[in-house]
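Worksheet for the structure shown next.
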Amino acid sequence: MAINWDDITKPNLPDNCGWRGTYRVRYSEIGDNGLVMLPALADYMQDAAGWGAHILKLAYDDTVDQGIAWVLARMVIHVRRYPGNGEDIIVETWPSGISRRVATRDFRLMDRHGDVIAVAQSFWAMFDLIERRAASWPDWISERLPNPPGPKLIEPPLHTPFTHDALPDIDSIKARPSDLDLYGHVNNVRLMQWVLGAAGTDARPDFHPESLDIQFRSECRVQERVKLRQKDGFAAITRDADGVDLVRAHVVPRNQTAVA
């Protein structure tokens, strides 16, 4: 999908549900071209989402006692410019709506001059921490979501673009304890790293794509072995034990037009 960056700039940060924070690019987050890698930007947005949920009393600490938590189901990211080491990045975020028990949250990333460098939309589902499956929404969750929500900065396609063609195996990975987050499964940013690690031409890494549409379909647990499959910008992380795709993604390289 084509992005009109002037339109991304126009909406104001919502007074009722917006959050803004500043992140500085660290040396460990840049690639061999000297620019921050996409998973680092996603990490900033993950952190910002937590703080944004905190002001609405919908963060992990507010839900864990009920045995539920938000999990990321999908993320669509478009990057206009990748900043370099030491640059400050301003992240603005707000909830942007609900559809079929999935909540969306938008992100706008700017440099210190106020120029927009990236935009993203994330999709969140409620997760039962005991049963390890999707959970229904208690009424109090709906009551704490902002009304009205903030604006949607982008309108991604209904589903993550994917191919019907067979994808060749590129790599085999075993989930390690260091890959896990507080939910006990491999963190979504780590899964993103795995996908981008073989997303380029000839299965080379591409940590600076123009856009990424990534769907998290099922959790990856510790010690599980998965295959990374990729071809022509389409990628999947597939569990060895049963052949289930845990992640599907569409990656568009720089200087190409995203396919909606």
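For the single chain, residues carry numbers from 1 onward in sequence order. It should be emphasised that the depicted structure is a prediction, and the values quoted were computed from it without experimental measurement.
- Applying the ring pair (Phe, Tyr, Trp, His ring centres under 6.0 Å) definition to pairs two or more places apart or across chains, none involves residues 89-119.
- For W124, the ring pair (Phe, Tyr, Trp, His ring centres under 6.0 Å) criterion is met by no residue, not counting sequence neighbours.
- For residues 187-231, the ring pair (Phe, Tyr, Trp, His ring centres under 6.0 Å) pairs, not counting sequence neighbours, are Y82-H208.
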- Task: Could you give me the CA-CA distance, side-chain angles and deciding distance for K231 and T163, then say whether side chain to side chain donor-acceptor pair (under 3.5 Å) is met?
- Result: CA-CA 9 Å; K231 183 181 179 182; T163 179; over 6 Å; no

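- Heavy-atom minimum distance, I77 versus M192: CD1-CE, 4.2 Å.
- Taking the charged nitrogens against the carboxylate oxygens, R80 and D115 have no contact shorter than 4.0 Å, which rules out a salt bridge.
- Note on E29 versus R26: salt bridge recorded, some NZ/NE/NH1/NH2 to OD/OE distance being below 4.0 Å.
- Within the 3.5 Å criterion, the main-chain N or O of G184 finds a donor-acceptor partner in the side chain of R221.
- For the residue pair P39 and L196, the shortest heavy atom distance occurs at CD-CD1, 3.9 Å.
- Checking R239, K227, R229 one by one against D245, the side-chain hydrogen bond (donor to acceptor under 3.5 Å, both in side chains) holds for a single residue, R229.
- Note on I117 and V119: separate hydrophobic clusters, where clusters join Ile, Leu, Val, Met, Phe, Trp and Tyr whose side-chain heavy atoms are under 4.5 Å apart, directly or indirectly.
- Applying the side chain to side chain contact (heavy atoms under 4.5 Å, CB included) rule to I55 yields the partners W19; only residues at least two apart in sequence or on another chain are considered.
- Apart from L182 itself, the hydrophobic cluster it occupies contains Y60, V64, V71, F127, L129, Y183, where clustering links Ile, Leu, Val, Met, Phe, Trp and Tyr at side-chain heavy-atom distances under 4.5 Å.
- Ion pairing between D213 and R74 holds under the 4.0 Å rule for side-chain N and carboxylate O.
- The distance from atom CD of E210 to atom NE2 of H78, rounded to the nearest 0.5 Å, is 8.5 Å.
- As a member of the Ile/Leu/Val/Met/Phe/Trp/Tyr network built from side-chain separations under 4.5 Å, F162 groups with L167, F234.
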